[in-house]
Structures are given as C-alpha cells and as structure tokens.
Amino acid sequence: MGSTGSIGTQSLEVIDEMRSMRGENSGDYNVFALCANNNVELLENQVRKFKPEFCVVYDESSANDLRIKLKDTSTKILSGIDGINFIASHEKTDYVINALMGEIGLRPTLTAIRAEKSVGLANKETLVAAGDIVKAEAKKSGADILPIDSEHCAIWQCIQGENKQDTEKLILTASGGPFYGRKREDLQKVTVADALRHPTWKMGKKITVDSATMMNKGLELIEACHLFDVSPDNVDIIIHRESIIHSLVQFIDKSVKAQLSLPDMKLCIQYALTYNNSGGKREKSKCKELDLTELKNLSFAKPDDETFIFPELARFAIKEGGILPAVMNAANEIAVGLFLKEKIKFLDIFDSVKKTVADWEHKNIKNPNIDDIIESAEDVKRNFVSKYI
Ligand code: MG
C-alpha cells in the first residue's frame with residue numbers, strides 16, 4: 001500500500017532483488033496486490049512488472065484511467081477505501097506493507113491486523129494516532145506489526161535475544177535535518193526548497209519537512225513507546241549527524257547496543273519482510289558495505305529543544321494520551337501541507353501545531369475509540385486555518 005511512494009518503490013526493489021538473489025526459493029516473495037493514490041503511470045509500470053492479481057487506485061477517476069491502460073492484462077483494478085480493505089483482508093494476502101502517507105493509513109492497518117496479516121508498518125500515523133487500539137487488536141488476532149523505519153528497526157535488532165525487563169532505555173538517533181544548529185530567528189526565512197534538502201536521507205516530501213522540524217523524531221518517540229512498550233520517560237533522543245547509528249538500546253547493566261549501517265531504507269524493509277519467515281531472520285542484500293575507516297568519525301549532541309519543540313511536544317502528547325497524539329499529528333499533517341504549498345512559513349508549523357495541542361489538551365478524551373480519534377483529527381483539519389494559523 002502506497003506502492004508509488006518512496007517506501008513503496010523501494011519495497012518493490014527489495015522484493016525484486018531478493019527474488020534475484022534467492023534463485024529457486026524466489027517464489028516465496030510474490031506481489032499479490034498493489035495500491036496507490038493516483039500515480040497511474042507508475043502503477044501501470046509496476047503492474048506490468050510484478051503482475052499482481054489486484055491493483056487498488058484510491059482515486060476513482062484515476063482507477064478508470066488505469067483500467068483502460070491495463071485492459072490487456074489480467075490484473076483487476078479496484079478503487080477507494082473498500083478496495084484497500086479488500087486487499088488488506090484477502091485470504092491470499094500474507095503480509096501487508098503499509099506505506100500510505102498520513103492518517104488514511106490507519107484503517108487499512110486495522111483491517112489487516114483483524115484479518116491476522118503481518119503488517120510491515122511504514123505509516124507512522126497508525127501508531128501515533130491509535131497505538132493503544134492497534135496494539136490491542138494485534139494482541140487479539142496474533143498479527144505481527146513489524147516497523148519499517150530505520151530507528152525502530154535498529155532497536156528491534158538490538159533487543160533480539162534480550163529480556164524485556166533488562167531494557168532500561170531506548171536512544172533514538174536523529175540527523176537533526178537541514179537546519180541543525182540554527183536558532184528560531186535563523187529559521188524565519190527558510191523556504192520549501194531549503195526544508196527539502198535533507199543531509200543524509202532521501203525520502204518523501206512530508207517526512208523530509210518533518211525531519212527539518214524534528215516532528216519526525218517526535219512521531220518516532222510515540223511509535224517507539226507503543227512498539228516496544230516503554231514509557232516516554234525511557235526514550236532519549238540524541239543528534240547524530242552522520243545517520244550511521246540508527247538507534248541504541250541501554251540495558252540495566254549499562255551495556256549499550258547499537259545498530260549501524262549506511263543509511264538505506266531497503267535494509268529495514270528487507271528486515272521487516274524476512275523476519276517472519278520461518279528458518280531465518282536475515283537474507284543477503286544488495287546494500288552497500290559500511291567502511292568505518294572511511295568514515296573516521298561519528299558525532300553526537302544533545303537536541304536543541306527550545307528551537308525544535310516537537311520531540312518534547314510529542315512526549316507531552318503521549319504522556320497525556322487519549323486523542324492528543326492524533327490531534328498533534330493531524331495539525332502537523334495540515335501545517336506541513338500548507339507549508340509545502342507556500343501558504344504558511346516554516347515557523348508557523350511550530351506555532352500552529354503547538355497552539356492546536358494546547359487547545360485540545362482541555363478537551364482530551366481518555367480511552368478513545370477509533371471514531372473518536374478520526375473525528376477529532378478531522379475536526380482539527382477542518383478548523384485548522386481559521387483557529388490555529
Ligand atoms: Mg526514521
């Protein structure tokens with residue numbers, strides 16, 4: 001899901017590479033369905049290459065365009081949320097990679113989990129907005145949630161073979177983004193192009209802006225609390241400009257484990273895909289080898305929480321719980337969209353999201369259901385410009 005985006009296209013590359021490296025076992029990785037919003041050209045290429053049984057195009061008129069383009073193939077084209085839910089719960093689906101962008105990814109994750117599918121989760125909003133509900137559903141059905149994010153993948157690798165109660169704290173690394181070292185006054189005039197210039201990772205636009213504001217790390221903090229069942233007080237964030245150490249885990253004896261590699265999302269995608277396979281957790285990959293002598297230095301620093309307020313705002317939101325993380329996320333989604341369209345300034349992202357969270361703090365709903373979460377997020381989005389900008 002989200003096959004035409006950054007994680008989606010890389011996931012298909014991983015599947016292609018694994019198939020070519022596995023020889024006779026290559027049949028273990030088949031693409032049963034693809035799903036994207038409206039990128040018909042790329043979807044056509046993907047369908048022709050991977051020959052899925054179904055292809056879901058969220059946008060109905062784009063689905064019609066694709067039907068015409070692909071009428072010489074046997075792939076069935078579906079559309080809308082019904083199409084997404086259909087492939088997420090189909091009996092032939094074993095594994096769902098959810099790389100949809102934004103809150104739209106929440107319901108398909110739940111559908112897949114309820115249908116006992118393993119979910120490789122690249123959609124941050126799923127756990128940020130509804131972590132408690134998603135986790136409870138996964139526990140009920142026994143479905144696995146496997147993170148596709150370099151930080152969580154690193155933590156996950158570090159805790160292999162360890163006892164849960166021996167874990168003392170998680171340390172998330174952050175590159176700091178393109179504006180690391182700047183103060184608030186230095187950020188007044190930054191442009192969209194400036195914000196999209198990430199120093200180490202090549203990613204989609206939304207997440208690249210989230211890296212520039214450090215909201216990405218805030219969302220990852222919330223996700224880490226849900227994925228690894230830790231308190232927000234036991235998650236630290238450190239700046240590590242080189243993006244070589246992807247995160248660390250400290251144990252009760254003060255031993256620290258880290259996971260290192262060159263920054264390449266394909267490694268996390270592959271780990272999440274292969275982890276569940278019986279007989280092994282790793283497969284050979286085409287990722288480049290890390291040469292530490294070439295790197296020479298790895299650097300670390302404390303984050304500047306005064307300028308980049310989002311990691312601490314996220315910590316506050318997850319501590320308060322209820323709908324507050326979903327509200328924060330919805331506000332950020334809208335604010336980043338407005339910034340990308342040059343309707344608001346970079347600093348307005350911080351101010352408007354902070355204002356939204358402060359406003360909703362007083363009308364928080366404890367133990368919300370999924371409708372409470374989605375309705376609150378929609379309320380935020382509907383009234384965002386008039387109330388918080
Ligand atoms: Mg990440």
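In each ligand, atom 1 is the first atom listed, and ligand 1 is the first ligand listed.
At a threshold of 4.5 Å between non-hydrogen side-chain atoms, the residues Met101 and Glu125 do not count as touching.
Contact record, His246 with Leu262: NE2-O, 3.9 Å, taken as the closest heavy-atom pair. In terms of heavy atoms, Ala301 sits closest to Tyr180 at CB-OH, 3.4 Å.
No side-chain donor-acceptor contact under 3.5 Å links Gln270 and Ser285.
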- Message: Let's go through Arg48 and Asn45 carefully: what are the C-alpha distance in whole Å and the side-chain angles of both, what is the deciding distance for side chain to side chain donor-acceptor pair (under 3.5 Å) to 0.1 Å, and is it a yes or a no?
- Response: CA-CA 5 Å; Arg48 290 194 185 280; Asn45 293 338; over 6 Å; no
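For the Mg ion (ligand 1), the nearby protein N/O/S atoms, meaning those under 2.8 Å, are Asp149 OD1, Glu151 OE1, Glu220 OE2.
Contacts of Lys140 classified as side chain to side chain contact (heavy atoms under 4.5 Å, CB included), with partners at least two apart in sequence or in another chain: Glu137.
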